[in-house]
> 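Here it is, the structure in full.
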Amino acid sequence: MKISIIIPILNEAATICKLLSHLIQAASAADTIEEIIIVDGGSVDESIKTVQNFSNTQSTSIRVVSSEKGRAKQMNAGAAKASGDILYFLHADSFPPKNYDRYIVEEVHKENEAGCFRMKFDSNHWWLRFLGWLTQFDSKRCRGGDQSQFITASLFKEINGYDEAYVVYEDNDLVDRLFAINKFVIIPKYVVTSARRYREVGVWRLQYHFLNIHMRRWLGASSEDLYRYYKEKVVS
């Protein structure tokens, strides 16, 4: 089985090559990775040029796809261009464990068609360590896009991919739908993800707003309401 890695980006020129190098070096076998698809949502820095220059030095297929801004739209656009049997969606600041490709393929061979890894932040803050500890539990409440997401191409098509109505919470919506049909597994290895947003906004302020978004979703808030809150409270 072959894996297509799909990474949505927006202005990631400073760090994207670090992730690409990691993906190539951490893979257990070069021939497991069908391709790496970078989906650009309108970067105004040197992201596209940086990726293209890096790809020219590698044997692994790395290409850039342009899309409308928004993770759900970008990830769906990448999936539409992918040719692998398995789609692996990854944030630009999340680094999967060594041999990540083998772990994913092994789960699919066991008929686990979708899932994620556990996650820990690149921070020693006790609360962020606690959040990482929670990701070991088999609960949809302990999931998030930073843990990355693998899913077979056939199942992704069957459930109609990411819901583009969600500008935020798109990962959780997908996980909710997969849990509803009992199609999700947590691989007991860790993705290391950046705590940069927590550092920028503040740990407690950002956590309060994230919990508020989750509560609003559980109480039936629309995707528009969630985005309005996120835009006003988190990125304003």
Side-chain angles (χ1 to χ4, degrees), residues 6-12 15-16 19 37-44 47 65-80 87-94 114-117 119-123 127-128 131-132 134-135 139-151 156 159-180 184 191 193-236:
I6 300 168
I7 307 169
I9 68 166
L10 183 67
N11 299 325
E12 296 285 357
T15 58
I16 188 61
L19 174 59
I37 301 175
I38 304 297
V39 189
D40 183 71
S43 295
V44 294
S47 291
V65 171
S66 295
S67 164
E68 291 183 54
K69 181 182 176 182
R71 274 197 179 128
K73 292 180 179 180
Q74 289 174 245
M75 291 188 288
N76 281 344
L87 308 177
Y88 182 42
F89 298 98
L90 185 68
H91 289 184
D93 57 0
S94 295
C116 68
F117 289 95
M119 182 274 293
K120 55 186 174 182
F121 288 103
D122 62 349
S123 168
W127 179 254
L128 299 185
L131 293 180
L134 289 176
T135 64
S139 167
K140 66 181 181 180
R141 305 304 182 204
C142 302
R143 308 277 71 85
D146 287 332
Q147 295 172 245
S148 68
Q149 170 78 65
F150 76 86
I151 183 170
F156 187 78
I159 65 172
N160 297 316
Y162 288 94
D163 185 345
E164 295 183 6
Y166 287 93
V167 180
V168 297
Y169 209 84
E170 74 288 334
D171 299 297
N172 302 83
D173 171 71
L174 185 72
V175 169
D176 285 351
R177 287 184 279 137
L178 290 169
F179 264 82
F184 205 88
V191 168
T193 195
S194 173
R196 61 182 178 178
R197 180 53 65 91
Y198 282 93
R199 288 190 284 265
E200 291 167 359
V201 178
V203 170
W204 301 118
R205 178 170 178 249
L206 185 60
Q207 192 61 54
Y208 169 78
H209 291 313
F210 279 165
L211 288 173
N212 215 326
I213 288 172
H214 282 289
M215 287 297 297
R216 287 165 181 257
R217 176 67 176 85
W218 298 339
L219 293 172
S222 68
S223 57
E224 292 83 3
D225 289 336
L226 297 180
Y227 179 61
R228 190 179 303 113
Y229 180 90
Y230 179 82
K231 189 78 171 177
E232 177 184 346
K233 302 296 185 180
V234 179
V235 298
S236 60

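What you see below is based on every heavy atom in this structure, not just the backbone, and it leaves out hydrogens, waters and symmetry mates.
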> Hey, does the side chain of Q149 reach the backbone of F89 with a donor-acceptor pair shorter than 3.5 angstrom?
no

> Judged by atom type as modelled, is there a donor-acceptor pair below 3.5 Å linking the side chain of E170 to the main-chain atoms of Y162?
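No.
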
> Determine whether I37 and I7 make a side-chain contact, defined as any pair of heavy atoms from C-beta on separated by less than 4.5 Å.
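With C-beta onward as the side chain, the pair stays apart.
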
> Enter the distance from D93:CG to I16:CD1 here, rounded to the nearest 0.5 Å.
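With rounding to 0.5 Å, CG (D93) is 9.5 Å from CD1 (I16).
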
> Is Q74 reaching over with its side chain to a backbone N or O of G70, donor-acceptor style, under 3.5 angstrom?
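Looks like yes, one N/O pair under 3.5 Å.
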
> Are Y88 and S148 linked by a side-chain donor-acceptor pair shorter than 3.5 Å?
yes

> Mind checking what makes side-chain hydrogen bond (donor to acceptor under 3.5 Å, both in side chains) contact with S94, not counting sequence neighbours?
T193

> Which atoms form the tightest heavy-atom contact between A195 and L128, and what is the distance?
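Result for this residue pair: CB-CD1, 3.8 Å.
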
> Of all heavy-atom pairs between A77 and V39, which one has the smallest distance, and what is that distance?
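Looks like CB-CG1, 4.2 Å.
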
> Applying side chain to side chain contact (heavy atoms under 4.5 Å, CB included) to I38 and I6, what does each step give before you reach the verdict?
CA-CA 6 Å; I38 304 297; I6 300 168; over 6 Å; no

> Quick one, F179 with F184, criterion ring pair (Phe, Tyr, Trp, His ring centres under 6.0 Å). Give me CA distance, side-chain angles, the key distance, then yes/no.
CA-CA 6 Å; F179 264 82; F184 205 88; 5.2 Å; yes

> Less than 4.5 Å apart, any side-chain heavy atom of L174 and any of D163?
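No, their side chains stay 4.5 Å or more apart.
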
> For F156 and A79, which heavy atoms make the closest approach, and how far apart are they?
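Here F156 and A79 meet closest at CE2-CB, 3.4 Å.
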
> Pair K69, E164 - check salt bridge (charged side-chain N to carboxylate O under 4.0 Å, His left out), show working.
CA-CA 11 Å; K69 181 182 176 182; E164 295 183 6; over 6 Å; no

> Going through the distances and angles, do D122 and R199 end up as a salt bridge (charged side-chain N to carboxylate O under 4.0 Å, His left out)?
CA-CA 11 Å; D122 62 349; R199 288 190 284 265; 3.7 Å; yes

> Just verifying a value: how many Å separate Y198 OH and L206 CG, rounded to the nearest 0.5 Å?
5.0 Å

> Output the distance between atom NE2 (H91) and atom CG (L19), rounded to the nearest 0.5 Å.
11.5 Å

> Using the side chain to side chain contact (heavy atoms under 4.5 Å, CB included) criterion, which residues pair with D40? Sequence neighbours excluded.
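With neighbours one apart ignored, the set is I9, S43, S47, I48, V64.
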
> Would you find a donor on one side and an acceptor on the other, under 3.5 Å apart, between the side chain of R143 and the backbone of T135?
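Pair found, side chain donor or acceptor close to backbone of T135.
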
> Looking at R196 and E12, is any side-chain nitrogen of the basic one under 4.0 Å from a carboxylate oxygen of the acidic one?
yes

> For H209, run the side chain to side chain donor-acceptor pair (under 3.5 Å) check against Y230, W204, Y229 and tell me which one passes.
Y229

> Working to the nearest 0.5 angstrom, can you tell me the gap between I151 CD1 and L178 CG?
5.0 Å

> Report the distance from atom CG of L226 to atom CZ of R216, rounding to the nearest 0.5 Å.
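Reported to 0.5 Å precision, the distance equals 8.0 Å.
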
> For the pair R177 (side chain) and G161 (backbone), establish whether a donor and an acceptor sit closer than 3.5 Å, ignoring hydrogens and angles.
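Answer holds: yes.
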
> Is there side-chain contact between V175 and K140, with at least one heavy-atom pair below 4.5 Å?
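SC-SC contact between V175 and K140 confirmed.
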
> Looking at CG of L131 and CZ of F121, how far apart are the two atoms once the value is rounded to the nearest 0.5 Å?
6.0 Å

